[in-house]
Number of protein chains: 2
Amino acid sequence: MFVTPLHEYYSFMNATITFAVCDDHTLFRKTLIATLLNFKQLSLLTEAQNGKELIFKISTNPPHIIIVDIRMPGMDGYETITYLKQHFPDTKIIALSGYDNEYAINMVLEKGADTFISKNDEPEDMYLAITDVYEKGFHINKWVREAKRKLKHLPKLTLKENEIFQFLCRDLTYGQIAEQLNISIKTVDRHRDEIFRKFNVNSRTSLIIFSLNNGLTGSAL
Amino acid sequence: MFVTPLHEYYSFMNATITFAVCDDHTLFRKTLIATLLNFKQLSLLTEAQNGKELIFKISTNPPHIIIVDIRMPGMDGYETITYLKQHFPDTKIIALSGYDNEYAINMVLEKGADTFISKNDEPEDMYLAITDVYEKGFHINKWVREAKRKLKHLPKLTLKENEIFQFLCRDLTYGQIAEQLNISIKTVDRHRDEIFRKFNVNSRTSLIIFSLNNGLTGSAL
DNA sequence: TATAAAATGGGGTAAAATCCCCATTTGTGT
DNA sequence: ACACAAATGGGGATTTTACCCCATTTTATA
(Lines give C-alpha, C1' and ligand atoms only; values in the text may rest on other atoms or scores of the structure.)
Protein backbone atom coordinates (compact mmCIF):
# COMPACT_ATOMS: atom_id res chain seq x y z
CA MET A 1 0.00 0.00 0.00
CA PHE A 2 1.30 3.41 -0.98
CA VAL A 3 1.49 6.12 1.63
CA THR A 4 2.04 9.73 0.70
CA PRO A 5 5.14 10.95 2.52
CA LEU A 6 4.51 13.52 5.21
CA HIS A 7 6.70 16.09 3.57
CA GLU A 8 4.29 16.25 0.66
CA TYR A 9 1.37 17.03 2.92
CA TYR A 10 3.37 19.57 4.81
CA SER A 11 5.54 20.72 1.98
CA PHE A 12 4.99 24.39 2.88
CA MET A 13 6.73 23.83 6.15
CA ASN A 14 10.12 23.58 4.51
CA ALA A 15 9.31 25.62 1.43
CA THR A 16 11.01 28.89 0.75
CA ILE A 17 8.73 31.89 1.13
CA THR A 18 9.71 34.67 -1.23
CA PHE A 19 8.96 38.23 -0.19
CA ALA A 20 9.34 41.83 -1.29
CA VAL A 21 9.56 44.98 0.83
CA CYS A 22 8.21 48.33 -0.32
CA ASP A 23 9.18 51.24 1.95
CA ASP A 24 10.79 54.57 1.17
CA HIS A 25 13.00 54.64 4.28
CA THR A 26 16.17 52.82 3.23
CA LEU A 27 17.53 52.48 6.75
CA PHE A 28 14.33 50.81 7.92
CA ARG A 29 13.89 48.72 4.79
CA LYS A 30 17.41 47.29 4.85
CA THR A 31 17.50 46.55 8.56
CA LEU A 32 14.08 44.91 8.35
CA ILE A 33 15.21 42.76 5.43
CA ALA A 34 18.40 41.78 7.25
CA THR A 35 16.37 40.70 10.26
CA LEU A 36 13.85 38.75 8.20
CA LEU A 37 16.62 36.95 6.32
CA ASN A 38 17.78 35.48 9.60
CA PHE A 39 14.68 33.33 9.33
CA LYS A 40 16.13 30.73 6.95
CA GLN A 41 12.75 29.97 5.43
CA LEU A 42 12.46 33.44 3.95
CA SER A 43 14.00 34.67 0.74
CA LEU A 44 14.11 38.25 -0.48
CA LEU A 45 12.96 38.72 -4.06
CA THR A 46 12.75 42.49 -4.42
CA GLU A 47 12.92 45.74 -2.53
CA ALA A 48 11.48 49.06 -3.66
CA GLN A 49 11.13 52.64 -2.47
CA ASN A 50 7.55 53.16 -3.66
CA GLY A 51 4.65 51.54 -5.43
CA LYS A 52 5.74 52.36 -8.96
CA GLU A 53 9.19 50.88 -8.50
CA LEU A 54 7.75 47.77 -6.83
CA ILE A 55 5.24 47.08 -9.57
CA PHE A 56 7.90 47.44 -12.23
CA LYS A 57 10.28 45.08 -10.45
CA ILE A 58 7.84 42.27 -9.66
CA SER A 59 5.90 42.35 -12.94
CA THR A 60 7.44 39.20 -14.40
CA ASN A 61 8.09 37.38 -11.16
CA PRO A 62 5.85 38.20 -8.21
CA PRO A 63 6.82 36.96 -4.74
CA HIS A 64 4.57 35.08 -2.34
CA ILE A 65 4.39 37.99 0.08
CA ILE A 66 4.67 41.75 -0.32
CA ILE A 67 5.19 44.03 2.66
CA VAL A 68 3.91 47.50 1.80
CA ASP A 69 4.31 50.66 3.85
CA ILE A 70 1.33 53.06 3.72
CA ARG A 71 3.14 56.35 3.65
CA MET A 72 5.37 56.67 0.61
CA PRO A 73 6.11 59.53 -1.78
CA GLY A 74 4.86 59.13 -5.33
CA MET A 75 2.60 56.07 -5.29
CA ASP A 76 1.50 55.50 -1.70
CA GLY A 77 0.46 52.31 0.06
CA TYR A 78 -3.27 52.71 -0.54
CA GLU A 79 -2.83 53.03 -4.30
CA THR A 80 -0.20 50.30 -4.40
CA ILE A 81 -2.31 47.75 -2.56
CA THR A 82 -5.33 48.51 -4.75
CA TYR A 83 -3.22 47.89 -7.85
CA LEU A 84 -1.55 44.75 -6.52
CA LYS A 85 -4.85 43.10 -5.58
CA GLN A 86 -6.18 43.62 -9.09
CA HIS A 87 -3.10 42.47 -10.99
CA PHE A 88 -1.56 39.89 -8.64
CA PRO A 89 -4.54 38.34 -6.82
CA ASP A 90 -2.45 35.38 -5.61
CA THR A 91 0.21 37.47 -3.94
CA LYS A 92 -0.45 38.10 -0.27
CA ILE A 93 -0.09 41.62 1.04
CA ILE A 94 1.01 42.70 4.49
CA ALA A 95 0.27 46.38 5.04
CA LEU A 96 2.78 48.11 7.29
CA SER A 97 2.47 51.46 8.97
CA GLY A 98 3.43 53.61 11.90
CA TYR A 99 -0.17 54.81 11.99
CA ASP A 100 -1.86 52.00 13.87
CA ASN A 101 -5.32 53.51 14.26
CA GLU A 102 -8.63 52.01 13.21
CA TYR A 103 -9.08 54.46 10.32
CA ALA A 104 -5.83 53.63 8.55
CA ILE A 105 -6.12 49.89 9.25
CA ASN A 106 -9.66 49.67 7.93
CA MET A 107 -8.65 51.58 4.84
CA VAL A 108 -5.83 49.20 3.89
CA LEU A 109 -7.95 46.12 4.63
CA GLU A 110 -10.66 47.58 2.39
CA LYS A 111 -8.10 48.10 -0.39
CA GLY A 112 -7.24 44.42 -0.14
CA ALA A 113 -4.39 43.96 2.34
CA ASP A 114 -4.41 40.47 3.88
CA THR A 115 -3.24 41.70 7.24
CA PHE A 116 -1.71 44.68 9.01
CA ILE A 117 1.49 45.06 11.01
CA SER A 118 2.37 48.17 12.99
CA LYS A 119 5.85 49.62 13.21
CA ASN A 120 5.26 49.38 16.93
CA ASP A 121 5.14 45.57 16.71
CA GLU A 122 7.98 43.15 17.43
CA PRO A 123 10.02 41.61 14.61
CA GLU A 124 8.54 38.23 15.58
CA ASP A 125 5.06 39.58 14.89
CA MET A 126 6.11 40.32 11.34
CA TYR A 127 7.56 36.83 10.92
CA LEU A 128 4.37 35.28 12.26
CA ALA A 129 2.28 37.37 9.89
CA ILE A 130 4.38 36.23 6.93
CA THR A 131 4.19 32.51 7.71
CA ASP A 132 0.54 32.73 8.68
CA VAL A 133 -0.50 34.52 5.52
CA TYR A 134 1.57 32.11 3.44
CA GLU A 135 0.29 28.94 5.06
CA LYS A 136 -3.31 29.82 5.91
CA GLY A 137 -3.95 32.68 3.50
CA PHE A 138 -4.84 35.09 6.28
CA HIS A 139 -3.54 36.42 9.58
CA ILE A 140 -5.65 37.81 12.41
CA ASN A 141 -3.85 39.87 15.03
CA LYS A 142 -4.90 42.49 17.55
CA TRP A 143 -4.93 45.24 14.93
CA VAL A 144 -7.17 43.42 12.49
CA ARG A 145 -9.43 42.19 15.27
CA GLU A 146 -9.83 45.64 16.81
CA ALA A 147 -10.36 47.34 13.46
CA LYS A 148 -13.13 44.88 12.56
CA ARG A 149 -14.75 45.31 15.93
CA LYS A 150 -14.83 49.06 15.60
CA LEU A 151 -15.80 48.98 11.93
CA LYS A 152 -19.50 49.54 12.50
CA HIS A 153 -18.89 52.59 14.66
CA LEU A 154 -16.54 54.23 12.21
CA PRO A 155 -17.78 57.07 10.04
CA LYS A 156 -17.90 56.09 6.41
CA LEU A 157 -17.37 58.79 3.79
CA THR A 158 -19.26 58.59 0.52
CA LEU A 159 -17.32 58.73 -2.76
CA LYS A 160 -17.83 62.46 -3.25
CA GLU A 161 -17.18 63.21 0.38
CA ASN A 162 -13.90 61.37 0.17
CA GLU A 163 -12.93 63.27 -2.94
CA ILE A 164 -13.64 66.59 -1.27
CA PHE A 165 -11.93 65.41 1.90
CA GLN A 166 -8.69 65.03 -0.06
CA PHE A 167 -9.01 68.59 -1.36
CA LEU A 168 -9.82 69.92 2.11
CA CYS A 169 -6.50 68.52 3.29
CA ARG A 170 -4.69 70.58 0.69
CA ASP A 171 -4.13 74.30 0.46
CA LEU A 172 -7.22 75.33 -1.50
CA THR A 173 -10.15 77.60 -0.64
CA TYR A 174 -13.67 76.23 -1.02
CA GLY A 175 -13.96 78.38 -4.12
CA GLN A 176 -10.92 76.75 -5.67
CA ILE A 177 -12.17 73.27 -4.78
CA ALA A 178 -15.54 74.05 -6.37
CA GLU A 179 -13.75 75.22 -9.50
CA GLN A 180 -11.62 72.07 -9.68
CA LEU A 181 -14.66 69.81 -9.39
CA ASN A 182 -16.98 71.97 -11.48
CA ILE A 183 -19.57 72.19 -8.75
CA SER A 184 -20.98 75.04 -6.69
CA ILE A 185 -19.27 76.38 -3.58
CA LYS A 186 -22.51 75.53 -1.84
CA THR A 187 -22.10 71.88 -2.71
CA VAL A 188 -18.53 71.85 -1.45
CA ASP A 189 -19.75 73.51 1.73
CA ARG A 190 -22.57 71.00 2.10
CA HIS A 191 -20.16 68.04 1.81
CA ARG A 192 -17.67 69.71 4.14
CA ASP A 193 -20.45 70.00 6.71
CA GLU A 194 -21.12 66.26 6.54
CA ILE A 195 -17.40 65.40 6.66
CA PHE A 196 -16.92 67.55 9.77
CA ARG A 197 -19.89 65.80 11.37
CA LYS A 198 -18.58 62.32 10.56
CA PHE A 199 -15.05 62.98 11.80
CA ASN A 200 -16.33 65.01 14.72
CA VAL A 201 -14.26 68.12 14.06
CA ASN A 202 -15.33 71.74 13.73
CA SER A 203 -12.55 73.42 11.84
CA ARG A 204 -10.48 72.73 8.79
CA THR A 205 -7.41 73.05 10.95
CA SER A 206 -8.39 70.11 13.12
CA LEU A 207 -9.49 68.09 10.09
CA ILE A 208 -6.00 68.39 8.59
CA ILE A 209 -4.31 67.59 11.88
CA PHE A 210 -6.57 64.58 12.29
CA SER A 211 -5.86 63.39 8.77
CA LEU A 212 -2.10 63.78 8.91
CA ASN A 213 -1.80 62.22 12.35
CA ASN A 214 -3.87 59.22 11.39
CA GLY A 215 -2.24 58.50 8.07
CA LEU A 216 -5.45 59.06 6.12
CA THR A 217 -3.45 60.42 3.24
CA GLY A 218 -0.70 58.00 2.24
CA SER A 219 1.55 60.64 0.77
CA ALA A 220 2.71 64.02 1.93
CA LEU A 221 0.43 66.88 0.97
CA MET B 1 64.44 53.77 24.49
CA PHE B 2 60.78 53.20 25.30
CA VAL B 3 58.28 53.26 22.51
CA THR B 4 54.57 53.54 23.19
CA PRO B 5 52.82 50.59 21.54
CA LEU B 6 50.59 51.48 18.64
CA HIS B 7 47.53 50.04 20.30
CA GLU B 8 47.72 52.71 22.99
CA TYR B 9 47.74 55.49 20.49
CA TYR B 10 44.91 53.92 18.63
CA SER B 11 43.16 52.37 21.54
CA PHE B 12 39.79 53.60 20.32
CA MET B 13 40.14 51.40 17.29
CA ASN B 14 39.53 48.26 19.28
CA ALA B 15 37.51 49.86 22.05
CA THR B 16 33.90 49.02 22.56
CA ILE B 17 31.53 51.85 21.69
CA THR B 18 28.42 51.74 23.83
CA PHE B 19 25.23 53.16 22.38
CA ALA B 20 21.55 53.69 23.12
CA VAL B 21 18.63 53.92 20.71
CA CYS B 22 15.58 56.07 21.39
CA ASP B 23 12.74 55.52 18.92
CA ASP B 24 9.08 54.77 19.49
CA HIS B 25 8.77 52.32 16.58
CA THR B 26 9.72 48.94 18.07
CA LEU B 27 10.05 47.20 14.73
CA PHE B 28 12.49 49.80 13.48
CA ARG B 29 14.36 50.11 16.76
CA LYS B 30 14.95 46.38 17.14
CA THR B 31 15.95 45.74 13.55
CA LEU B 32 18.30 48.72 13.64
CA ILE B 33 19.89 47.48 16.85
CA ALA B 34 20.28 43.97 15.42
CA THR B 35 22.03 45.40 12.38
CA LEU B 36 24.32 47.64 14.42
CA LEU B 37 25.28 44.75 16.70
CA ASN B 38 26.71 42.96 13.68
CA PHE B 39 29.48 45.52 13.93
CA LYS B 40 31.46 43.81 16.69
CA GLN B 41 32.86 47.08 17.99
CA LEU B 42 29.43 48.27 19.06
CA SER B 43 27.63 47.36 22.23
CA LEU B 44 24.02 48.20 23.09
CA LEU B 45 23.55 49.78 26.49
CA THR B 46 19.91 50.83 26.44
CA GLU B 47 16.87 51.17 24.24
CA ALA B 48 13.87 53.39 24.89
CA GLN B 49 10.58 54.41 23.32
CA ASN B 50 10.78 58.12 24.15
CA GLY B 51 12.88 60.77 25.84
CA LYS B 52 11.54 60.23 29.33
CA GLU B 53 12.23 56.52 29.30
CA LEU B 54 15.70 57.07 27.85
CA ILE B 55 16.73 59.64 30.45
CA PHE B 56 15.55 57.41 33.26
CA LYS B 57 17.45 54.42 31.94
CA ILE B 58 20.79 56.09 31.26
CA SER B 59 20.87 58.34 34.34
CA THR B 60 23.47 56.30 36.23
CA ASN B 61 25.37 54.95 33.27
CA PRO B 62 25.32 56.99 30.07
CA PRO B 63 26.57 55.41 26.82
CA HIS B 64 29.12 56.94 24.46
CA ILE B 65 26.51 57.50 21.75
CA ILE B 66 22.78 58.09 21.79
CA ILE B 67 20.69 57.77 18.64
CA VAL B 68 17.53 59.85 19.03
CA ASP B 69 14.54 59.93 16.70
CA ILE B 70 12.90 63.35 16.33
CA ARG B 71 9.28 62.30 16.20
CA MET B 72 8.20 60.53 19.38
CA PRO B 73 5.08 60.70 21.51
CA GLY B 74 5.45 62.18 24.96
CA MET B 75 8.93 63.71 25.06
CA ASP B 76 10.02 64.28 21.46
CA GLY B 77 13.50 64.41 19.95
CA TYR B 78 13.90 68.17 20.20
CA GLU B 79 13.18 68.21 23.92
CA THR B 80 15.23 65.09 24.53
CA ILE B 81 18.35 66.41 22.79
CA THR B 82 18.10 69.71 24.64
CA TYR B 83 17.97 67.86 27.96
CA LEU B 84 20.76 65.42 27.10
CA LYS B 85 23.18 68.17 26.07
CA GLN B 86 22.67 69.94 29.38
CA HIS B 87 22.93 66.90 31.63
CA PHE B 88 25.28 64.61 29.70
CA PRO B 89 27.62 66.96 27.81
CA ASP B 90 30.12 64.17 27.11
CA THR B 91 27.62 61.87 25.45
CA LYS B 92 27.49 62.26 21.68
CA ILE B 93 24.09 62.54 20.05
CA ILE B 94 23.07 61.34 16.61
CA ALA B 95 19.71 62.80 15.62
CA LEU B 96 17.64 60.50 13.43
CA SER B 97 14.59 61.35 11.38
CA GLY B 98 12.53 60.58 8.35
CA TYR B 99 12.20 64.33 7.81
CA ASP B 100 15.47 65.17 6.10
CA ASN B 101 14.82 68.81 5.27
CA GLU B 102 16.94 71.81 6.19
CA TYR B 103 14.42 73.08 8.75
CA ALA B 104 14.34 69.93 10.87
CA ILE B 105 18.09 69.33 10.56
CA ASN B 106 18.98 72.86 11.58
CA MET B 107 16.64 72.61 14.54
CA VAL B 108 18.25 69.46 15.96
CA LEU B 109 21.77 70.78 15.38
CA GLU B 110 20.78 73.94 17.21
CA LYS B 111 19.48 71.88 20.12
CA GLY B 112 22.86 70.20 20.32
CA ALA B 113 22.89 67.07 18.16
CA ASP B 114 26.41 66.19 17.01
CA THR B 115 25.22 64.95 13.64
CA PHE B 116 22.14 63.95 11.71
CA ILE B 117 21.22 60.70 9.96
CA SER B 118 18.16 60.32 7.73
CA LYS B 119 15.97 57.24 7.66
CA ASN B 120 16.65 57.37 3.95
CA ASP B 121 20.36 56.68 4.54
CA GLU B 122 22.14 53.33 4.31
CA PRO B 123 22.95 51.31 7.45
CA GLU B 124 26.64 51.91 6.70
CA ASP B 125 26.06 55.65 6.95
CA MET B 126 24.82 55.16 10.48
CA TYR B 127 27.83 53.03 11.38
CA LEU B 128 30.16 55.66 9.96
CA ALA B 129 28.41 58.39 11.92
CA ILE B 130 28.79 56.42 15.13
CA THR B 131 32.52 55.70 14.74
CA ASP B 132 33.20 59.22 13.46
CA VAL B 133 31.44 60.92 16.32
CA TYR B 134 33.15 58.62 18.81
CA GLU B 135 36.65 58.99 17.39
CA LYS B 136 36.67 62.59 16.18
CA GLY B 137 33.86 64.09 18.22
CA PHE B 138 31.94 65.19 15.14
CA HIS B 139 30.62 63.88 11.83
CA ILE B 140 30.00 65.94 8.72
CA ASN B 141 27.79 64.35 6.06
CA LYS B 142 25.70 65.69 3.21
CA TRP B 143 22.80 66.59 5.51
CA VAL B 144 24.87 68.61 7.94
CA ARG B 145 26.82 70.25 5.13
CA GLU B 146 23.67 71.23 3.21
CA ALA B 147 21.86 72.44 6.32
CA LYS B 148 24.77 74.71 7.24
CA ARG B 149 25.03 76.03 3.71
CA LYS B 150 21.36 76.95 3.65
CA LEU B 151 21.34 78.26 7.20
CA LYS B 152 21.68 81.92 6.28
CA HIS B 153 18.79 81.77 3.85
CA LEU B 154 16.44 80.10 6.31
CA PRO B 155 13.79 82.19 8.03
CA LYS B 156 14.45 82.50 11.71
CA LEU B 157 11.49 82.85 14.06
CA THR B 158 11.80 85.00 17.16
CA LEU B 159 10.97 83.48 20.56
CA LYS B 160 7.42 84.77 20.62
CA GLU B 161 6.85 83.90 16.99
CA ASN B 162 7.95 80.36 17.68
CA GLU B 163 5.62 80.14 20.65
CA ILE B 164 2.68 81.32 18.59
CA PHE B 165 3.71 79.08 15.71
CA GLN B 166 3.26 76.05 17.97
CA PHE B 167 -0.25 77.22 18.85
CA LEU B 168 -1.10 77.93 15.22
CA CYS B 169 -0.35 74.28 14.46
CA ARG B 170 -2.95 73.20 16.98
CA ASP B 171 -6.71 73.44 16.88
CA LEU B 172 -7.21 76.85 18.46
CA THR B 173 -8.75 80.06 17.16
CA TYR B 174 -6.71 83.24 17.34
CA GLY B 175 -8.96 84.30 20.19
CA GLN B 176 -8.13 81.17 22.15
CA ILE B 177 -4.42 81.61 21.51
CA ALA B 178 -4.59 85.20 22.71
CA GLU B 179 -6.36 84.03 25.86
CA GLN B 180 -3.74 81.33 26.52
CA LEU B 181 -0.89 83.82 26.21
CA ASN B 182 -2.69 86.74 27.87
CA ILE B 183 -2.14 89.02 24.91
CA SER B 184 -4.47 90.74 22.46
CA ILE B 185 -5.88 89.02 19.39
CA LYS B 186 -4.23 91.81 17.48
CA THR B 187 -0.82 90.78 18.74
CA VAL B 188 -1.44 87.18 17.79
CA ASP B 189 -2.53 88.37 14.38
CA ARG B 190 0.54 90.55 14.01
CA HIS B 191 2.90 87.65 14.82
CA ARG B 192 0.93 85.34 12.54
CA ASP B 193 1.44 87.81 9.74
CA GLU B 194 5.21 87.71 10.24
CA ILE B 195 5.27 83.90 10.52
CA PHE B 196 3.34 83.56 7.26
CA ARG B 197 5.81 85.91 5.61
CA LYS B 198 8.86 84.03 6.89
CA PHE B 199 7.57 80.60 5.89
CA ASN B 200 6.11 81.96 2.68
CA VAL B 201 2.57 80.67 3.17
CA ASN B 202 -0.74 82.50 3.03
CA SER B 203 -3.13 80.34 4.99
CA ARG B 204 -3.16 78.50 8.24
CA THR B 205 -3.99 75.37 6.30
CA SER B 206 -0.73 75.47 4.38
CA LEU B 207 1.23 76.43 7.50
CA ILE B 208 0.04 73.27 9.26
CA ILE B 209 0.71 71.10 6.23
CA PHE B 210 4.17 72.62 5.94
CA SER B 211 4.89 72.04 9.61
CA LEU B 212 3.68 68.45 9.75
CA ASN B 213 5.41 67.47 6.53
CA ASN B 214 8.71 68.94 7.62
CA GLY B 215 8.76 67.54 11.13
CA LEU B 216 8.80 71.00 12.73
CA THR B 217 6.78 69.63 15.63
CA GLY B 218 8.42 66.53 17.07
CA SER B 219 5.24 65.07 18.47
CA ALA B 220 1.79 64.53 17.02
CA LEU B 221 -0.55 67.46 17.45
C1' DT C 1 -40.53 50.19 -9.79
C1' DA C 2 -40.56 51.90 -5.31
C1' DT C 3 -37.44 53.65 -1.94
C1' DA C 4 -33.46 55.26 0.06
C1' DA C 5 -29.09 57.24 -0.25
C1' DA C 6 -26.14 60.41 -2.55
C1' DA C 7 -25.23 64.56 -4.86
C1' DT C 8 -26.55 68.96 -6.09
C1' DG C 9 -27.09 73.91 -4.74
C1' DG C 10 -29.85 78.35 -3.23
C1' DG C 11 -30.55 81.67 0.96
C1' DG C 12 -28.85 83.60 4.96
C1' DT C 13 -25.85 84.66 9.18
C1' DA C 14 -22.08 84.90 12.30
C1' DA C 15 -17.55 83.95 13.29
C1' DA C 16 -12.89 83.54 11.96
C1' DA C 17 -9.07 84.43 9.16
C1' DT C 18 -6.30 87.33 6.21
C1' DC C 19 -4.05 91.56 5.20
C1' DC C 20 -2.97 96.18 5.46
C1' DC C 21 -2.10 100.66 8.10
C1' DC C 22 -0.11 102.68 12.28
C1' DA C 23 2.13 103.73 17.13
C1' DT C 24 4.07 102.58 21.69
C1' DT C 25 6.79 100.01 24.86
C1' DT C 26 10.47 96.80 26.20
C1' DG C 27 14.74 94.83 25.96
C1' DT C 28 19.61 94.15 24.24
C1' DG C 29 23.73 95.59 23.03
C1' DT C 30 27.19 99.42 21.82
C1' DA D 1 22.56 107.73 25.56
C1' DC D 2 21.71 105.66 21.24
C1' DA D 3 20.31 102.34 17.91
C1' DC D 4 17.74 98.41 16.73
C1' DA D 5 15.11 94.42 17.09
C1' DA D 6 11.25 92.40 19.47
C1' DA D 7 6.83 92.62 21.36
C1' DT D 8 2.72 94.90 21.97
C1' DG D 9 -1.89 96.25 20.10
C1' DG D 10 -5.54 99.64 17.94
C1' DG D 11 -8.22 100.73 13.41
C1' DG D 12 -10.26 99.02 9.48
C1' DA D 13 -11.23 96.21 5.33
C1' DT D 14 -12.17 91.97 2.61
C1' DT D 15 -12.31 87.14 2.20
C1' DT D 16 -13.02 82.68 3.93
C1' DT D 17 -14.97 79.53 6.99
C1' DA D 18 -18.59 77.51 9.63
C1' DC D 19 -23.26 76.43 10.34
C1' DC D 20 -27.99 76.45 9.73
C1' DC D 21 -32.35 76.26 6.72
C1' DC D 22 -34.39 74.28 2.50
C1' DA D 23 -35.44 71.73 -2.18
C1' DT D 24 -34.32 69.19 -6.45
C1' DT D 25 -32.03 65.77 -9.21
C1' DT D 26 -29.35 61.61 -9.75
C1' DT D 27 -27.95 57.00 -8.61
C1' DA D 28 -27.98 52.70 -6.52
C1' DT D 29 -30.39 48.81 -4.89
C1' DA D 30 -33.84 45.97 -2.79
Side-chain angles (χ1 to χ4, degrees), chain A residues 103 106-107 110 151-213 216-217 221, chain B residues 103 106-107 110 151-213 216-217 221:
Chain A
Y103 294 100
N106 262 312
M107 272 180 74
E110 231 169 55
L151 185 57
K152 51 182 160 304
H153 308 299
L154 281 186
K156 184 110 187 78
L157 297 188
T158 67
L159 270 179
K160 208 67 184 187
E161 278 165 9
N162 198 67
E163 191 178 8
I164 287 174
F165 168 64
Q166 303 296 331
F167 279 103
L168 286 176
C169 291
R170 285 170 167 74
D171 185 27
L172 299 168
T173 64
Y174 298 163
Q176 291 171 315
I177 296 173
E179 204 177 342
Q180 290 273 317
L181 300 175
N182 270 311
I183 53 179
S184 157
I185 283 193
K186 278 299 182 181
T187 308
V188 174
D189 190 44
R190 184 67 194 70
H191 285 305
R192 176 209 55 76
D193 204 32
E194 199 56 34
I195 293 167
F196 276 23
R197 226 183 291 282
K198 287 184 177 176
F199 281 130
N200 194 33
V201 298
N202 51 22
S203 77
R204 209 172 153 184
T205 296
S206 54
L207 182 75
I208 290 175
I209 291 170
F210 172 81
S211 167
L212 286 171
N213 278 334
L216 266 46
T217 59
L221 301 178
Chain B
Y103 294 100
N106 263 311
M107 273 180 74
E110 232 169 55
L151 184 57
K152 51 181 161 300
H153 308 299
L154 281 186
K156 185 108 188 80
L157 297 188
T158 67
L159 270 179
K160 207 68 184 186
E161 278 165 11
N162 197 66
E163 191 178 7
I164 288 175
F165 169 63
Q166 302 297 331
F167 279 103
L168 286 176
C169 290
R170 286 172 164 72
D171 185 27
L172 299 168
T173 65
Y174 297 162
Q176 291 171 315
I177 295 173
E179 203 177 343
Q180 290 274 317
L181 300 175
N182 270 310
I183 53 178
S184 157
I185 283 191
K186 279 297 181 179
T187 306
V188 174
D189 188 44
R190 185 64 195 73
H191 285 304
R192 176 209 54 74
D193 204 32
E194 199 55 35
I195 293 167
F196 276 23
R197 226 182 291 281
K198 287 185 177 176
F199 281 131
N200 195 33
V201 299
N202 50 23
S203 77
R204 208 171 154 184
T205 297
S206 53
L207 182 74
I208 290 175
I209 292 170
F210 171 81
S211 168
L212 285 171
N213 278 334
L216 267 45
T217 59
L221 301 177

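In what follows, chains are A, B, ... by sequence order, proteins preceding strands, each numbered from 1. Side chains are part of it too, since the values below use all heavy atoms of this structure and drop only hydrogens, waters and symmetry mates.
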Whole angstrom value for the distance that separates [atom2] of [N] from [atom1] of [X]:
| X | N | atom1 | atom2 | value |
| --- | --- | --- | --- | --- |
| Glu194(B) | dA6(D) | CD | P | 9 Å |
| Phe165(A) | dA6(C) | CZ | P | 18 Å |
| Ile164(A) | dT8(C) | CD1 | C1' | 10 Å |
| His191(A) | dA18(D) | NE2 | P | 16 Å |
| Glu179(B) | dA16(C) | CD | C1' | 15 Å |
| Glu161(A) | dT8(C) | CD | C1' | 13 Å |
| Ile185(B) | dG9(D) | CD1 | P | 11 Å |
| Ile195(A) | dT8(C) | CD1 | P | 12 Å |

Are any of Thr187(B)'s side-chain N or O atoms less than 4.0 Å away from OP1 or OP2 of dG9(D)?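 For Thr187(B), the contact criterion (side-chain N or O under 4.0 Å from OP1 or OP2 of dG9(D)) is met.
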Closer than 4.0 Å, any side-chain N/O of Thr158(B) to the OP1 or OP2 of dA7(D)?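 Yes, within the criterion.
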Show me the protein contacts with nucleotides 17-20 of chain C, counting only N or O atoms at under 3.5 Å.
unit_1: dA17(C); atom_1: OP1; unit_2: Arg204(B); atom_2: NH1; d: 3.0
unit_1: dA17(C); atom_1: OP2; unit_2: Tyr174(B); atom_2: N; d: 2.9
unit_1: dT18(C); atom_1: OP1; unit_2: Arg204(B); atom_2: N; d: 2.6
unit_1: dT18(C); atom_1: OP2; unit_2: Tyr174(B); atom_2: OH; d: 2.3
unit_1: dC19(C); atom_1: N4; unit_2: Asp189(B); atom_2: OD2; d: 2.6

Looking for any heavy atom pair under 4.0 Å, which part of the strands does Leu159(B) touch: base, sugar-phosphate only, or nothing?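 Leu159(B): backbone/sugar contact only, no base atoms under 4.0 Å.
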Would you say Gln176(A) has more than 12 foreign heavy atoms packed within less than 6.0 Å of its CD?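 Yes - once you tally the heavy atoms of other residues, nucleotides and ligands closer than 6.0 Å, there are more than 12.
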